[in-house]
There are 2 protein chains.
Amino acid sequence: MLQANADIDTSAMLTERQKAVLDAALRLLVEEGDNLTMTAVARRASCSKETLYKWFGDRDGLLTATVQWQASKVRVVPVDGERLDLTSLTASLEGFASDWLKVISSDTSIALNRVAVGHAGSGKDDLGAIVLENGRFALARRLKPVLLAGKQAGLLDFADAETAFRSFFGLVARDVQIRLLLGDRLELTEAAIGGDAVRATQQFLALFGAKTGPQGL
Amino acid sequence: MLQANADIDTSAMLTERQKAVLDAALRLLVEEGDNLTMTAVARRASCSKETLYKWFGDRDGLLTATVQWQASKVRVVPVDGERLDLTSLTASLEGFASDWLKVISSDTSIALNRVAVGHAGSGKDDLGAIVLENGRFALARRLKPVLLAGKQAGLLDFADAETAFRSFFGLVARDVQIRLLLGDRLELTEAAIGGDAVRATQQFLALFGAKTGPQGL
DNA sequence: GCCGAACCGTAACGTACGGTACGCCTGCCG
DNA sequence: CGGCAGGCGTACCGTACGTTACGGTTCGGC
């Protein structure tokens with residue numbers, strides 16, 4: 001389930017003009033939320049509605065193209081799972097936590113998640129699946145190799161990488177995402193994010209750190 | 001901020017008929033999502049649209065009344081913070097975790113959160129604030145006395161009840177709520193919820209349990 | 001039995017918006 | 001230079017839905 005083949009890179013077959021149009025739609029989505037109109041997109045992008053329909057089919061097509069376009073912009077570099085000690089593992093986890101908090105508190109992420117959640121009710125399109133695939137599941141794909149390497153190096157101890165990841169996810173995100181989506185003002189400064197990242201990492205290490213660590217004497 | 005005086009009990013000044021109408025609207029909200037029409041509500045509730053407008057002002061008024069009505073139905077009993085030992089504290093925490101997972105995975109909670117998130121973008125009404133107030137913040141109000149009692153009894157150790165609560169929240173909910181809101185199929189059986197509740201509680205105790213516990217010899 | 005208020009059912013109105021058609025301009029190709 | 005494909009701007013259509021108006025019905029009070 002939840003395949004949604006959202007990982008095939010559709011951004012390759014987009015002309016520069018089309019990308020510009022999608023960027024305009026994205027900005028408008030951040031400003032207006034789901035109640036953006038085709039006319040507004042056309043005006044903002046300085047193109048005609050007919051072009052929008054020719055390129056994207058209908059309104060839902062434009063929305064999914066916009067979401068996929070944003071997703072394609074944050075492709076990530078695979079981590080190099082080489083020589084791992086406790087400090088490098090800690091740094092890596094803190095980096096993931098900090099990045100993730102920055103993402104989910106960004107304006108565009110909030111706007112995208114809002115429309116995806118709204119559309120998830122009436123299953124017209126797969127916005128929810130796309131967002132999930134490029135958000136939470138992409139994060140898991142990136143983080144799990146690190147966790148497994150940490151286990152291999154004897155630094156971490158867990159039975160299942162999936163459950164370990166989900167606990168890390170919970171420790172990092174806590175109630176932040178749902179509060180932001182529900183409109184709670186909750187300014188996350190750079191410093192607060194950094195603090196949360198080290199706290200979450202410490203807690204995760206306390207839960208899943210191997211008993212036979214460097215302090216094992 | 002986020003006051004939204006959503007805790008004044010408006011359900012007292014509702015006639016039985018009005019409650020029935022709101023129940024119909026609620027069921028319809030679960031089925032149809034945010035795209036429910038006034039006509040549909042009137043038909044389902046066997047009342048006239050004129051009555052809907054007379055009672056609730058406009059569509060947004062009906063929506064907020066529905067959300068508040070649902071919120072008023074889950075008023076909770078205050079816990080008795082008496083004689084607390086580790087087993088009773090554990091049981092209490094597991095109860096909170098299990099209840100919370102049951103709530104956020106229920107159809108009505110998902111539907112309500114979906115519309116509230118959708119409306120949070122364009123601040124026409126305060127659905128997001130209401131849901132937040134009766135969801136996450138109500139849980140905090142109920143749980144914090146337990147945490148403080150646990151600290152008082154020497155069973156827990158934390159500096160700030162708020163941050164301790166948020167960690168507990170993260171350990172319990174993890175990625176469940178956002179996945180459900182985004183439409184991920186994710187059936188939580190009674191057994192799975194129970195297992196998650198004990199796991200989350202154990203992890204929380206591992207993080208915040210006092211070092212000088214019953215095993216302190 | 002009668003009155004008025006509340007309410008039901010439904011028809012009607014206004015508008016916003018998705019979707020389409022058409023005229024015009026511009027740049028490319030032969 | 002003529003045609004033409006692509007694209008802009010805009011006017012237009014159809015429809016769904018929020019909102020209002022109105023006639024008919026029930027019901028409590030005198």
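In what follows, chains are A, B, ... by sequence order, proteins preceding strands, each numbered from 1. Quick note: numbers below take in every heavy atom, side chains included, and nothing from hydrogens, waters or symmetry partners.
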Do B:Arg141 and B:Glu133 meet the salt-bridge criterion of a basic N to acidic O distance under 4.0 Å? yes
First and last nucleotide of DNA chain D in contact with chain B, 5' to 3', at under 4.0 Å to a heavy atom: what are they? D:dC17 to D:dC22
Side chain to side chain contact (heavy atoms under 4.5 Å, CB included) partners of B:Ala40, counting only residues at least two apart: B:Leu28, B:Thr37
Inter- and intrachain pairs under salt bridge (Lys or Arg N to Asp or Glu O under 4.0 Å), touching residues 101-114 of chain A, at least two apart: A:Lys102-A:Glu190
Could I get the full list of side chain to side chain donor-acceptor pair (under 3.5 Å) partners for A:Asp99, not counting sequence neighbours? none
Residues 36-61 of chain B vs salt bridge (Lys or Arg N to Asp or Glu O under 4.0 Å), sequence neighbours excluded, gives B:Glu31-B:Arg44, B:Asp34-B:Arg59, B:Asp60-B:Lys124
Any residue meeting side chain to side chain donor-acceptor pair (under 3.5 Å) with A:Thr51, in chain and number order, not counting sequence neighbours: A:Ser48
Who passes side chain to side chain contact (heavy atoms under 4.5 Å, CB included) against B:Thr108, sequence neighbours left out? B:Val30, B:Gln70, B:Ser106
What residues from residues 43-57 of chain A pass a heavy-atom cutoff of under 4.0 Å to DNA chain C? A:Lys49, A:Glu50, A:Tyr53
Short side-chain N/O contact from B:Arg17 to OP1 or OP2 of C:dC8, under 4.0 Å: yes
Keeping to residues at least two apart or across chains, list the ring pair (Phe, Tyr, Trp, His ring centres under 6.0 Å) pairs with something in residues 161-184 of chain A. A:Trp100-A:Phe169, A:Phe168-A:Phe204
Residues of residues 22-36 of chain A with any non-hydrogen atom less than 4.0 angstrom from an atom of DNA chain D: list those, numerically ordered, please. none
For B:Asp175, side chain to side chain donor-acceptor pair (under 3.5 Å) partners two or more places apart: A:Arg136, A:Arg166, B:Arg179
Sorted by chain and residue number, the side chain to side chain donor-acceptor pair (under 3.5 Å) partners of A:Ser167 (sequence neighbours excluded) come out as B:Gln203
